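Down below is the structure, laid out as structure tokens.
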Amino acid sequence: MKLKLIPFLLFCIFLFSCKQKQKVDIIVHNGVVYTVDSSFTKAQAFAIKDGKFVAVGSNDEILNHYSATKTIDAGGKAIYPGLIDAHCHFYSYGKMKSEADLVGCLSFKEVIDRLVAYSKTNKSTWIIGRGWDQNRWPGKEFPVNDTLDLLFPNTPVYLSRVDGHAALVNQKALDLAAISSKTKIEGGKLMLKPQPTKETSNVLLSGILIDNACDLVKKVIPLPSKAEMKQYLLKAQEDCFKVGLTTIDDAGLDKNIIDLIDEMQKKGELKMRIYAMANPTDENLQYYLKHGPYKSDYLHVCSFKFYADGALGSRGACLLKPYLDRPNEQGFLLNKPDYYKEMAKKIAASSFQMNTHCIGDSANRFILDVYASVLGKDNKRRWRIEHAQIVNKDDFVKFGTYHILPSVQPTHATSDMYWAKDRIGVERLKGGYAYKQLMEENGVLPTGSDFPVESINPLLGFYAAFTRLDSIGFPPGGFQSENALTREEALKGMTIWAAYANFEEKEKGSIEPGKFADYVILDKDIMKVTPPEVFKTKVVTNSLR
Ligand SMILES: [Zn+2]
């Protein structure tokens with residue numbers, strides 16, 4: 001009698017367990033899952049339904065309780081939340097891909113050689129290039145446009161510096177923009193050719209434009225068509241997916257591009273999640289302040305992006321004391337102080353964030369004080385300072401006191417470390433690229449790359465953040481290594497802390513039930529492998545791809 005009961009009981013258990021198994025769309029198991037939850041828990045598996053994580057746990061917990069249409073065996077590989085780039089230029093990156101690539105040129109001659117090659121295959125009305133950096137050339141001096149005028153007398157040429165804060169243009173471009181040596185520019189500069197004599201009647205423009213001067217020429221470059229703009233976005237998405245990104249923060253977009261992104265996302269053409277910072281143009285301010293923040297599963301518009309100053313490389317960063325290598329220069333704010341104060345008041349009265357690019361210690365101090373005056377202590381507005389690159393020692397505390405979030409790019413430290421001390425000296429540099437110190441102010445530090453200024457690969461930022469080394473392991477011990485983050489902090493910077501800076505920590509940034517099922521599987525465990533191995537790590541799966 002008893003023996004006859006056993007098969008019956010087993011059958012009941014079988015039926016019971018079948019009935020209990022919850023149907024989901026995808027199960028991922030047999031992984032080393034870094035959930036990046038508040039206790040930094042590790043798991044082995046998770047279940048996904050309708051694009052959201054529904055359960056995270058051990059292999060047994062997930063496989064015994066869920067059945068899925070698709071089951072993925074991660075083969076013991078490491079899995080992380082989808083990576084977020086908290087500051088980049090997604091659209092510009094895609095656009096740049098259609099332009100002459102001048103990144104990595106080791107001389108001005110190489111710039112010219114690449115342009116000549118480019119102009120043979122690309123026949124458009126303008127020649128646009130991007131990415132040169134005179135700090136990599138012998139002499140480190142800005143170039144002049146003589147050769148461009150010889151080679152391209154009738155085709156306008158616009159070549160952005162790597163940081164986008166300076167450009168070299170030829171005479172044809174200057175003519176089209178009606179720029180002469182008499183043109184006056186607020187928040188920008190036109191550089192002159194070295195003068196043989198002191199006679200001022202004969203001043204000639206060198207073709208180098210700094211900051212707002214660039215806009216005068218950009219204004220006359222024909223706008224791309226809608227089809228071209230779509231191509232730029234799709235190209236950027238393709239490259240982002242390859243390196244594990246699932247959300248990007250585009251630091252400055254106009255409404256027409258934001259609308260196009262929304263349109264493409266709604267049609268399923270664009271799958272990248274985008275936190276779009278709106279440029280503070282009249283049109284954007286008028287529209288968004290009237291309509292309020294916009295949020296879909298794929299797009300979030302809740303901030304405006306301002307520029308306080310320029311970049312250190314082109315000496316446009318606004319400093320409290322003169323540049324060490326140019327005692328007569330101190331950089332400058334790109335607008336009048338009152339402009340930022342008025343804007344801060346206007347935005348404080350709305351529900352938008354204000355995100356301001358600040359490089360120099362003066363720009364950082366000024367904007368921190370402007371923010372502080374409208375936000376007060378213990379506010380929940382999460383206003384951001386983009387880059388927070390050189391901060392005076394007295395100003396760090398303001399980030400914490402007024403809950404202002406520094407949004408930093410760890411590869412900037414290892415790109416600038418070769419020459420930054422020439423610009424500002426050892427003493428000031430101590431408050432530069434001070435990521436650990438900045439992180440400690442609020443206990444969070446969103447990180448990004450600023451691509452296309454730096455590489456699009458977030459793992460290079462992760463590596464730079466915890467090693468403070470360049471790709472060949474220079475300098476020994478790391479650059480100002482007291483400001484290195486731990487690997488855990490570096491991972492949080494490109495996941496949960498970036499989500500926090502976007503007001504998205506409830507739906508992104510960790511592998512937890514209820515959040516978007518954005519994850520990446522890497523071929524190596526970046527939390528464990530040697531630093532050089534991080535460089536070689538590849539993305540096996542990006543959940544959005
Ligand atoms: Zn940027």
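All ligand and atom numbering here is 1-based and tracks the order in the structure. Given the structure is predicted, the values throughout are model-derived calculations rather than measurements.
Between Y288 and F352, the two ring planes are perpendicular [angle over 60°; tilted spans 30° to 60°]. Ring orientation note: the planes of F142 and W132 are nearly perpendicular, at an angle over 60° on the 30°/60° scale. Aromatic ring orientation, F396 versus F399: tilted (interplanar angle from 30° to 60°). Y433 and Y435 have perpendicular rings, their planes meeting at more than 60° on a 0 to 90° scale where under 30° would count as parallel.
Cation-pi geometry between K341 and Y339 is not met: the NZ or CZ atom fails to fall both under 6.0 Å from the ring centre and inside 45° of the normal.
Counting only protein N, O or S atoms, 3 lie closer than 2.8 Å to the Zn ion (ligand 1).
Every residue meeting the side-chain contact (heavy atoms from CB on, under 4.5 Å) condition with I221, not counting sequence neighbours, appears here in chain and number order: W126, I128, Y158.
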